[in-house]
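Just so you know, ligand 1 is whichever comes first in the structure, and atom 1 is the first atom listed for that ligand.
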Amino acid sequence: MKKINIAIDGPSAAGKSSIAKILAERLGYVHLDTGAMYRCTAYKALQKGIDLSDEAALVRMLQETKIDLTPSGNVFLDGKEVSHAIRADEVSMAASKVASLAGVRRELVARQQKMAEAGGFIMDGRDIGTVVLPEAELKIFMTATPHARALRRLRQNQEEAISESDLATVEKEIEERDYQDTHRKSSPLKKAEDAIVLDTSDLTIQETADAILNLAEPFLKEEHA
Ligand code: DC
């Protein structure tokens with residue numbers, strides 16, 4: 001019985017990670033937050049003072065970098081827990097920069113594809129349906145207006161005491177990252193042709209998770225057939 005893979009792509013703060021986590025729990029699948037891998041790359045580069053546009057240096061750095069994502073959502077970089085540290089605003093902007101480099105993407109995509117070989121993964125990111133898992137049985141493209149996303153990110157920042165930026169600043173940063181992520185040359189954020197678009201602006205987390213579970217049902221039935 002081979003488990004299916006579910007790809008969830010979309011812009012920042014559309015709710016991908018929260019939803020993927022719920023789905024993974026409900027289905028007994030593993031959630032893989034690929035954004036955390038780009039964030040780890042950026043975090044380590046910032047710490048080491050590596051120029052964020054020096055592709056060769058970043059690739060060399062990655063070849064000696066261990067990134068572990070635990071099923072419960074913790075992130076370990078070279079054995080050290082960085083789950084919280086990689087969510088800082090400075091790291092978000094830097095992650096978007098390093099994610100535009102083809103060499104960095106090649107390194108991380110290869111790791112992601114290897115991890116998902118066994119099936120049973122819910123992977124969220126920007127290029128999962130288009131590049132990482134083009135064969136995924138179910139592909140979701142999750143969107144929400146920049147305003148709705150900024151409100152969510154602000155709430156999350158406050159709950160986790162990550163940053164004290166105001167709504168206007170958070171919204172502006174989200175729009176900047178959207179621009180960077182959709183206009184880069186290497187694997188820009190775009191909907192896979194066969195992905196299903198889900199606008200979550202007016203949906204709760206639970207409603208969104210239920211909508212995806214409904215879409216996944218036919219595939220899950222086949223899995224048990
Ligand atoms: O999902 P996130 O906000 O944690 O992602 C951090 C950055 O990494 C974001 O700017 C987009 C980039 N990213 C990417 O290019 N490809 C992925 N598969 C995941 C994230």
Please name all residues satisfying side-chain hydrogen bond (donor to acceptor under 3.5 Å, both in side chains) with Glu175, sequence neighbours left out, ordered by chain then number. none
Can you tell which of Asp181, Leu189, Val109, Leu133 makes a side chain to side chain contact (heavy atoms under 4.5 Å, CB included) with Asp127? Val109
Tell me whether Asp33 is salt-bridged to Arg39, with the criterion being a basic N under 4.0 Å from an acidic carboxylate O. no
Please check if the side chain of Asp9 supplies one atom and the backbone of Ile128 the other of a donor-acceptor pair under 3.5 Å. yes
Whether the side chain of Ser96 engages the backbone of Gln180 through a donor-acceptor N/O pair (distance < 3.5 Å, no angle test) should be reported. no
Hey, quick one: are Tyr38 and Met93 part of the same hydrophobic cluster, counting side-chain heavy atoms closer than 4.5 Å, chains of contacts allowed? no
Would you tabulate the polar-atom pairs, meaning N/O of ligand 1 against N/O of the protein, with distances under 3.5 Å, reported to 0.1 Å?
residue  : atom   : partner : partner atom : Å
ligand 1 : 1 (O)  : Arg126  : NH1          : 2.9
ligand 1 : 1 (O)  : Arg126  : NH2          : 3.3
ligand 1 : 3 (O)  : Arg39   : NH2          : 3.1
ligand 1 : 3 (O)  : Arg126  : NH2          : 3.3
ligand 1 : 3 (O)  : Arg177  : NH1          : 3.2
ligand 1 : 4 (O)  : Arg39   : NE           : 2.6
ligand 1 : 4 (O)  : Arg39   : NH2          : 3.4
ligand 1 : 10 (O) : Asp181  : OD1          : 3.3
ligand 1 : 10 (O) : Asp181  : OD2          : 3.3
ligand 1 : 15 (O) : Arg105  : NH1          : 2.8
ligand 1 : 15 (O) : Arg105  : NH2          : 3.4
ligand 1 : 15 (O) : Arg184  : NH1          : 2.8
ligand 1 : 15 (O) : Arg184  : NH2          : 2.9
ligand 1 : 16 (N) : Arg105  : NH2          : 3.0
ligand 1 : 18 (N) : Thr34   : OG1          : 3.0
ligand 1 : 18 (N) : Arg126  : N            : 3.2
ligand 1 : 18 (N) : Asp127  : OD1          : 2.8

